[in-house]
Amino acid sequence: MSLNNSMDFASTQATITAESAELHASELHGMLTGLICGGYTFEGNDYTALVEDMYNNGETLPGAVRITLKLLFSHVWQCLLDDSYGFTPMLPDDDDSLRERGVALSAWVQGFNLGFGLQQKSNSVLSDDVKEVLTDFSEIANLSDDIEEDEATEQAFFEISEYVRMSALLCFTELGTPPDPKETSDTVH
């Protein structure tokens, strides 16, 4: 199974649930995205400890969840670095109820703000645009889960999720620290 196929909401949540971990796939994805968009380095390796501290009382996550976490971390990096702006928040499919997708979007932005806050401790270095994103994300995190299943709400959900996607990319562009390209100097003399 390729990385892209295995890193969707349903399979990630299924792994988490099978291991009885108290995590939401969207919130976990949001936290990792927030860390990275806040300047967490590609070479950083304490993100597993951060996740365990925040979501598992400092206890080691089950093996399958740790593997999924590492794959998810790589997947977030790959998507954020994609020149075609292919990054999207990890949310349930459009076939799932609007309520379920709304709850997941709320969880994703909560996770993003948590991860971002763990990485960016100084608000003074943030642009006005990034500060506005964080404020908007806080409001989105508090959206009601009493969602009507109609066309207007579906359209509003689409617009909000697209705003979230583009805002995460904005934060990464401003504060992310892409990995340094490897020096390739195989010159024959």
Tell me the closest heavy-atom pair linking [X] and [Y], and the distance in Å.
X	Y	result
T41	F73	O-CZ, 4.2 Å
G111	Y55	CA-OH, 4.1 Å
W77	P179	CZ3-CD, 3.7 Å
T33	A168	CG2-CB, 4.4 Å
H29	M90	ND1-N, 3.3 Å

message: Any carboxylate oxygen within less than 4.0 angstrom of a Lys/Arg side-chain nitrogen, looking at R101 and E154?
response: yes
message: Could you check whether atom CZ of F42 has more than 12 heavy atoms from other residues, nucleotides or ligands sitting under 6.0 Å from it?
response: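 No, because the 6.0 Å sphere around CZ of F42 holds 12 heavy atoms or fewer from other groups.
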query: Counting only heavy atoms not in E149, do more than 12 sit closer than 6.0 Å to its CD atom?
result: yes
message: Within 45 degrees of the ring normal and closer than 6.0 Å to the centroid, is that where the cationic atom of R165 sits relative to F87?
response: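 The answer is no, since R165 fails at least one limit relative to F87.
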field: Side-chain (D8) to main-chain (S11) donor-acceptor, under 3.5 angstrom
entry: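 Yes.
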query: Would you say the side-chain atoms of T12 pair up with the backbone N or O of F9, donor to acceptor, closer than 3.5 Å?
result: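 No.
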field: CD-CG distance between E100 and D95, expressed to the nearest 0.5 angstrom
entry: 11.0 Å
